[in-house]
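For reference, the structure discussed in these notes is given below.
Lettering follows sequence order; numbering is per chain, from 1. Any value given below was found using the heavy atoms of this structure, including those in side chains, with hydrogens, waters and symmetry copies removed.
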Number of protein chains: 2
Amino acid sequence: MQFFAPPVERLIEEFARLPGIGQKTAQRLAFHVLNQPKEDAERFAEAIMQAKQQIFTCKVCQNLTDSELCPICSNPTRDPGVICVVADPRDVIAFERTREFQGLYHVLHGTISPLNHVGPDDIRIRELLTRVAETDVREVIIATNPDTEGEATAMYISRLLRPFGIRVTRLAYGIPVGGHLEFIDEVTLMRALEGRREI
Amino acid sequence: MQFFAPPVERLIEEFARLPGIGQKTAQRLAFHVLNQPKEDAERFAEAIMQAKQQIFTCKVCQNLTDSELCPICSNPTRDPGVICVVADPRDVIAFERTREFQGLYHVLHGTISPLNHVGPDDIRIRELLTRVAETDVREVIIATNPDTEGEATAMYISRLLRPFGIRVTRLAYGIPVGGHLEFIDEVTLMRALEGRREI
């Protein structure tokens, strides 16, 4: 049943397409946009178009960037011998926030997920292999999420990288800093025990 | 600290401006748009612009519409003698869903709210008075929300309408259909008692 004028309905529909946005929230957002001054709505629409037009994936690390080579890949002080493989551009940000990692990244744009029809060819694994084959890489750190799909992707990639004879590592499992032992699940605790270190 | 390319940052910022959308959700939405096919993003941007360009307020009831007179006001089978005053276009939809109300609406686009610096002149009260003065209105039903601001606005409007000598009503308070008495707050229950009717 259509109650709103067609342009309003269309706007609500577009908002409802976004992940995690239901019908009610989509209505709220659409009416917010309708109540905004015209310049604000124009700026919003433009931001969408510009992001789509100006953002590409870096030809080396596949991260989103507005130049051919992303700022990290083109930074001469970074170590190109270490590649941290992540599933999502937001994971790069998470690592950059630590200010600890000095190597480069490789963004897969997804993880292998048969249930969602995402196979190895749908994410940027081939580009990673080319990179490892063509440049002087000492270590690949596989930093996919510690869930089933992340694990499967990590295993898959590590197997593909074995012939190259380089170091392939995975992030350490353990208790998160600031966590309370009583609230930590048994699998994590088991992994934390396994990975214990001398102090 | 900027980690993403400027067009991505701008898009995240625009999403974060929307009500109820925090920084993390804004990132998620922005990356969703970036991962969409270009046509989808274009359609989204266009929906925003078109809604802004094609949607006006109806010159009679102030509801949002894409024509000069909204479909309800231009419907000859509706009774122009009864006006239901609501705060928001979405409230019109709520009433239309009941398929019971045959009169017209008046959308205030807000309620009087001194805390948010919204005074009587910031919402469409003057337009309501003009309507009542110039057309043959028998009854005004004030259907603002049953909260403090909605009540205050209802009281204010009812006082302004008194000189016109027409019937001014307010929605009935009471227990919601399907509600459980044990979960109903005491004010509502008190109002339900006060408003009891013979069966």
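- Contacts from residues 110-129 of chain A to chain B, taken as heavy-atom pairs separated by less than 4.5 Å, involve no residues at all.
- In terms of non-hydrogen atom pairs under 4.5 Å with chain A, the most contact-rich of H109(B), Q50(B), E46(B), M49(B) is M49(B).
- Side-chain contact check for F4(B) versus I93(A): some heavy-atom pair is nearer than 4.5 Å.
- With a 4.5 angstrom heavy-atom cutoff, D88(B) does not touch chain A via any of its atoms.
- For chain A, the nearby part of I21(B) is the side chain; its heavy atoms alone come within less than 4.5 Å.
- Chain A forms more heavy-atom pairs under 4.5 Å with one residue of A30(B), A47(B), P19(B), A41(B) than with any other, namely P19(B).
- When hydrophobic clusters are built by joining Ile, Leu, Val, Met, Phe, Trp and Tyr residues whose side-chain heavy atoms come closer than 4.5 Å, directly or via intermediates, V140(B) is not grouped with Y105(B).
- Here the rule is side chain to side chain contact (heavy atoms under 4.5 Å, CB included) with V8(B), and of I55(A), T65(A), D66(A) only I55(A) fits it.
- A continuous path of hydrophobic side-chain contacts links V137(B) to L108(B) [ILVMFWY only; heavy atoms under 4.5 Å].
- Surrounding CG of D136(B) are at most 12 heavy atoms belonging to other residues, nucleotides or ligands under 6.0 Å away.
- Counting non-hydrogen atoms of neighbouring residues, nucleotides and ligands closer than 6.0 angstrom, the CD atom of E100(B) reaches no more than 12 such neighbours.
- Counting heavy-atom pairs closer than 4.5 Å to chain B, the top-ranked of the candidates Q54(A), Q53(A), R43(A) is R43(A).
- By the criterion of side-chain heavy atoms lying less than 4.5 angstrom apart, applied directly or through intervening Ile, Leu, Val, Met, Phe, Trp or Tyr residues, V92(A) is grouped together with L171(A) in one hydrophobic cluster.
- Connection of V107(B) to V132(B) is not established within any shared hydrophobic cluster, with ILVMFWY side chains joined at heavy-atom distances below 4.5 Å, either directly or through further cluster members.
- A distance of 9.0 Å separates CZ in R28(B) from CG in L18(A), rounded to the nearest 0.5 Å.
- When the side chains of ILVMFWY residues are joined at heavy-atom separations under 4.5 Å, either directly or via intervening members, I142(B) and L160(B) end up in a single hydrophobic cluster.
- Taking chain A as the reference chain and counting heavy-atom pairs below 4.5 Å, the highest number among Q27(B), R90(B), K38(B), E96(B) is found for R90(B).
- Using a 4.5 Å cut-off between heavy atoms, L11(B) touches chain A through backbone and side chain atoms alike.
- The environment of E68(B) atom CD is sparse: at most 12 non-hydrogen atoms of other residues, nucleotides or ligands sit within 6.0 angstrom.
- With a threshold of 4.5 angstrom between heavy atoms, D40(A) approaches chain B through N, CA, C or O but not through any side-chain atom.
- Of the inter-residue distances, the one linking L34(A) atom CG with F56(B) atom CZ reads 11.5 Å to the nearest 0.5 angstrom.
- Side chains of H32(B) and R17(A) form no contact here, defined as non-hydrogen atoms less than 4.5 Å apart.
- Salt-bridge formation is not detected for the pair E42(A)/K52(B): no Lys NZ or Arg NE/NH1/NH2 atom is positioned less than 4.0 Å from an Asp or Glu carboxylate oxygen.
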